[in-house]
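Structure first, then comments.
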Amino acid sequence: MYRFSRALLLILLSFFVVSVQAVPVPDRLQSVGHAELRVFFMKVYHAELYSVTGRYEKLQGPLMLRLTYRRDISSTRLVKETRKQIGDLPDEQLDRWMTHLANIWPNLAEGDELTFYMDPEDRGHFHHNGQYIGSVEDPVFAKAFLNIWLADDSAYPKLTRKLRGER
């Protein structure tokens with residue numbers, strides 16, 4: 001019985017390890033545009049968008065958004081702001097996503113990078129200072145998250161235009 005339980009545990013753990021396998025950020029993406037977010041003259045972050053061609057054509061992976069924070073921000077505040085900006089979606093869906101983000105996002109210090117990579121299948125993967133921290137497999141999330149910065153009706157249209165390379 002002990003051998004069976006141990007074998008079952010090892011099998012279950014192998015599935016878990018596969019499901020949290022790190023997804024690297026591709027190194028061949030080209031910069032599309034960049035911008036600085038300032039709120040009331042306070043620098044919040046520097047943002048840069050990357051794509052395969054160096055142009056923003058549509059909201060489809062692979063795309064990468066790198067945010068370099070210019071101030072400290074707690075993971076709790078980051079999750080709260082993300083929920084507020086992500087759009088009008090069902091509360092149950094938002095709750096599930098935000099709970100997951102709260103579990104993977106660290107507190108950020110000035111100079112930290114949070115990178116979001118949307119892969120060719122439109123799944124989202126997060127890195128903190130170059131280290132993989134987790135994924136959200138839902139393509140709806142990846143697009144909703146990137147739309148915070150890239151949608152025509154974003155909260156910061158000037159930043160959106162710069163990120164999309166429209167100047």
List the steps, then state whether side chain to side chain donor-acceptor pair (under 3.5 Å) holds for Glu48 with Ser31. CA-CA 7 Å; Glu48 191 161 9; Ser31 178; 2.6 Å; yes

Look at the side-chain heavy atoms of Ile, Leu, Val, Met, Phe, Trp and Tyr, link any pair under 4.5 Å apart, and say whether Tyr50 and Leu37 land in one connected group. no

So does [X] pair up with [Y], basic N to acidic O under 4.0 Å?
X	Y	answer
Asp152	Arg164	yes
Glu81	Arg77	yes
Glu36	Arg70	yes
Asp138	Arg123	no
Glu113	Arg66	yes
Glu110	Arg71	no

Could you verify whether a donor N or O on one side chain and an acceptor N or O on the other, from Thr68 and His46, lie under 3.5 Å apart? no

Does the side chain of Thr53 come under 3.5 Å of the side chain of Tyr56 through a donor N or O and an acceptor N or O? no

Separation of [Y] [atom2] from [X] [atom1] (nearest 0.5 Å):
X	Y	atom1	atom2	value
Thr82	Leu94	OG1	CG	11.0 Å
Leu163	Leu150	CG	CG	6.0 Å
Met118	His125	CE	NE2	10.0 Å
Leu78	Ile73	CG	CD1	5.0 Å
Phe145	Trp97	CZ	CH2	11.5 Å

Does CD belonging to Gln93 count more than 12 external heavy atoms closer than 6.0 Å? yes

Do the side chains of Ser154 and Asn147 get nearer than 4.5 Å, heavy atoms only? no

Quick check on the 6.0 Å ring-centre criterion: do Tyr132 and Tyr117 meet it? no

Which is it for Phe126 and Thr115 under the side chain to side chain contact (heavy atoms under 4.5 Å, CB included) test, yes or no, and what are the steps along the way? CA-CA 6 Å; Phe126 288 98; Thr115 302; over 6 Å; no

For Arg83, run the side chain to side chain contact (heavy atoms under 4.5 Å, CB included) check against Leu101, Leu89, Asp91 and tell me which one passes. Asp91

